[in-house]
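Structure, as structure tokens:
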Amino acid sequence: MPEGPGASTGPITGVLVGFAHELRQAGLTVGTGDVLTYFGAMTPLDPSDLVDLYWAGRATLVSRHEDIPAYDAVFRRYFLGADAPARSELLLRAQTAAEAEAALVMPAIDPEDNDSDEEKPSLGWMASDVAALKHRSFAACTPEELAALRRIMARIRLTPPRRRTRRTGSGTRPAKRLDMRRMARESMRMHGEPPELFFRQRKNKPRPLILILDVSGSMADYSRHLLQFAHTARRASAHAAAKVEVFCFGTRLTRITRELRHRDPDAALEKAAQAVSDWDGGTRIGESLDVFVKRHARSGLARGAVVVVNVANAWRAIPTLGLLVLLVVLLGFSPLTWLIPLVVLAIPAILVNTYEGIAGVDPDLKDAARGMGMTPWQVLWRVEVPVAIPLIMLGLRTAAIFVVATATIAAEIGLGGLGRYIIDGLAANNYGEVAGGAAVIVVLALAVQVIFVGLRRLVVPAGLREQVRSSR
Amino acid sequence: MEYPGTVGELTARLRDGGYLADRGLATTLLVSLTLRRPVLLEGEVGVGKTEVAKTLAAVFGRRLIRLQCYEGIDTNQALYEWDYARQMLQIRALSQGQVTDDAAVDKLFGPKFLLERPLLEAIKQGENAVLLIDEVDRADDEFEAFLLEVLSDFQISIPEIGTIRADSPPIVILTSNRTRELHDALRRRCLYHWIGYPSAEREAEIVGVREPDAERRLTGKVVGAVHRMRELDLAKPPGVAETIDWVRTLGVLGASDLTPEAADDSLGAVVKDRDDLDLVRENLAEIISGA
């Protein structure tokens, strides 16, 4: 550092260090090195000039755009406030009051007002809308939860799909460009004999993963788990060298990637909870996604990324009963009326399991199948589906049990079925009838379970059976 | 090299070079010149981040060395590369002549075969260069980490030659469009300045400096229209560069006033996105009449 605070800067040193301290309190990361640079920066400037103090500090102590408002606030309080710590020591000594006032205009107008107005109106609008913006204070995890979480965390391995980057490495597979560096080196070893050809080959790299989590009211029960998952994914991504970005939305979108950076899950969730202001509020999926696309995706954040929005869960959150009533209004009483909600209920379990099953098929296996000359359809039906069958069956079983258990609501709108006994019994305070109805449903569900176990035995290929038994 | 000693002086020098720096930018640059620290400039597209480096180079009579970043840029493209084709020829020649002389081999890795890339060039030039590392956010993490090393010591080790050190570091300007979070460590190495859109008066002034022939009244109208466009929900809001382009285009078209027809004809100079174009066309009357 070409600078040392001169003899005349005695009181200023204290003031500036105090200022840096205040900034740290406000959440900025200001290192000692930065403070030294700040002193250094004052050499060509006039330390008694507020504007110089402001801009030098902004250049040296602030390192990201988002921190500027916080910096402005602290600066105003520290140097310009009525009981500003710095005022008596520094400014009134050096500046006439009039000059200080003139200088005051500069930071007070806040040069950022122009730039960040995209932020401000939306805030004001939120406030005027009296949307319930509440900060959620997470109860700290219980020790058991924490232990369970750590166990899961240790096990989670993030393997996002990979993409080819423009970064290249050396290899022998023919490609467009020769690896001249390596060729030259190798031929030197061989006394000028050209060696085998080396090429620059494009490397693969995990795609970034973007989680957009719904923390609105309908998802209240899940939001904590979602955040935990996001935190875990972020930690796990360190192993896979993948990038994970996390956003939350209810009524507005909040980026909480930085908040989740903390190692300790409790502290990270705490920070995230502070950042998100619309816990358990309404849901504005469309608007939140719009903000995501406009502000983040367009600037390249989502380029080539895997974007996960927990819509599958929202799908599940469609209240079956509500759908049922709606369909009664639309279709009247017909078999379709109770069939549609049950199908809707069953889809997610089957879909997710089937997808996971097919996606999880060992690529080597597929490679081998292709190598044997199978067509894509043959690969699907003869390799992928049979291998994925255990998971697909699991999905079917889950869905079937869901459906059996939920079919009782058909009685709610007078369509009969086993639910009749439960609803009638409840209405007439005849709990024996309720218990009887419930027991029959339980038996039915168990029967379905047994049928599916048997079915699985039939459809799972013999070669997989051993493996399935040992892994489940 | 003599640097201006005060913010006012620096602002005046930059103005002579055709760049209007506000107080904040001038202060940051002055501090950077004094402390010999790199400056990281962030801001919206087209607010003159790159222009800063160009003007600095022009005003102080330095050479501008520009390193445009892109995904996958590596040391071969940023730092140095050996001229392999010539080296291979040399090797063949040597092996034919049965030369056993060490010196001949040494020559193979001499300056003759070294291709300098921007970073090495800048370090060799030292104080005589302005190094512009443009759009760092486009490069990947690996390159950022490498840059860190160069920016902190201003020295480069080439295994075959040794360490090359800058006697006095060049002026370094980094720009970023924030498509990606830069790593904290890199930010720490730099002074930081955010360039936002200028106010209407200032923008008119900037246009006046860059396009002295433009009519003041027309400029005012154009600037007003551009400001209203930025308030629309555009995918690519026009920057200062677009404003200047628009004024220039209108000049070429010989328009003396910003009529709806003239604006419609020249809209391509400001709005560079199909959807935005539709949106702006819809509101064209409003955008212009406000002026």
Side-chain angles (χ1 to χ4, degrees), chain A residues 1-3 29 31 33-34 37-38 40-46 49 51-52 54-56 58-65 67-68 106 111-117 165-168 178 180-181 183-185 187-188 191-194 202-203 205 241 243 245 257-258 294 298-301 303, chain B residues 3 5-7 22-28 30-37 39-40 42-44 70-74 76 81-82 84-85 87-88 91-92 94-96 105 108 137-138 140 142-143 177-182 184 187-188 190-194 196-199 231 233 235-236:
Chain A
M1 205 73 32
E3 195 287 332
T29 31
D34 299 329
T37 318
Y38 190 21
M42 293 319 291
T43 338
L45 304 171
D46 177 6
D49 184 341
V51 186
D52 277 356
Y54 173 82
W55 284 111
R58 222 179 96 166
T60 52
L61 304 178
V62 179
S63 63
R64 56 183 77 240
H65 185 49
D67 289 344
I68 292 176
M106 185 81 191
E112 286 321 309
D113 270 358
N114 299 330
D115 315 321
S116 58
D117 53 5
T165 61
R166 306 212 159 258
R167 188 164 281 276
T168 53
L178 281 173
M180 288 304 287
R181 183 170 278 204
M183 295 276 290
R185 245 165 238 287
S187 46
M188 270 172 230
H191 285 269
E193 252 347 278
R202 284 168 73 179
K203 285 185 180 169
K205 181 175 166 180
K243 279 226 180 71
E245 285 281 344
T257 313
R258 287 184 69 203
K294 288 221 173 100
R298 256 182 206 163
S299 69
L301 183 82
R303 197 175 291 149
Chain B
Y3 291 122
T6 66
V7 176
D22 61 15
R23 177 79 185 254
L25 178 60
T27 310
T28 310
L30 182 68
V31 170
S32 129
L33 291 177
T34 320
L35 300 184
R36 324 224 144 169
R37 286 270 226 142
V39 181
L40 170 62
E42 283 192 332
E44 305 296 341
Y70 52 89
E71 195 198 331
I73 186 172
D74 58 17
N76 295 353
E81 179 76 306
W82 293 102
Y84 297 110
Q87 271 182 333
M88 302 263 268
I91 294 168
R92 296 294 283 189
L94 287 178
S95 69
Q96 238 122 78
V105 178
L108 209 50
D137 50 334
R138 284 185 185 226
D140 43 17
E142 290 93 331
F143 184 70
N177 287 331
R178 293 216 302 166
T179 62
R180 187 171 68 84
E181 277 276 287
L182 295 182
D184 274 346
R187 291 172 178 277
R188 289 263 100 90
C190 304
L191 300 177
Y192 176 81
H193 186 73
W194 169 267
Y197 292 124
S199 65
E231 278 160 27
D233 191 17
K236 307 233 176 327

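Proteins come first, then strands; the chains are lettered A, B, ... in the order of their sequence lines, and each starts at number 1. Bear in mind the structure is a predicted one, so any value in this text is a computation, not a measurement.
Annotation: side chain of B:Val31 is not in contact with side chain of A:Thr37 (no heavy-atom distance under 4.5 Å). Within the 4.5 Å cutoff, the side chain of A:Arg58 has heavy atoms near those of the B:Trp194 side chain. Within the 4.5 Å cutoff, no side-chain heavy atoms of A:Met180 are placed close to those of B:Trp82.
When heavy atoms are compared at a cutoff of 4.5 Å, B:Tyr70 does not approach chain A at all. At a 4.5 Å heavy-atom cutoff, A:Thr257 makes no contact with chain B through either its backbone or its side chain. Looking at B:Gln87, the atoms closer than 4.5 Å to chain A (heavy atoms on both sides) all sit in the side chain, from C-beta outward. Neither the backbone nor the side chain of B:Leu33 has a heavy atom closer than 4.5 Å to any heavy atom of chain A.
Across every non-hydrogen atom of A:Ala41 and B:Leu35, the tightest pair is N-CD1, 3.7 Å. For the residue pair A:Val62 and B:Tyr192, the shortest heavy atom distance occurs at O-CB, 3.1 Å.
Ranked by heavy-atom pairs under 4.5 Å with chain A, the first of B:Leu30, B:Val7, B:Asp22 is B:Leu30. For the options B:Asp184, B:Val39, B:Thr6, heavy-atom pairs under 4.5 Å to chain A are most numerous at B:Asp184.
Here the CG-CZ distance, from B:Leu182 to A:Arg64, works out to 8.5 Å after rounding to the nearest 0.5 Å.
Looking at residues two or more places apart in sequence or on another chain, you find a side chain to side chain donor-acceptor pair (under 3.5 Å) between A:Asp34 and B:Arg188. For B:Tyr84, there are no ring pair (Phe, Tyr, Trp, His ring centres under 6.0 Å) partners at least two apart in sequence or on another chain.
A:Trp55 and B:His193 have tilted rings, their planes meeting at an angle from 30° to 60° on a 0 to 90° scale.
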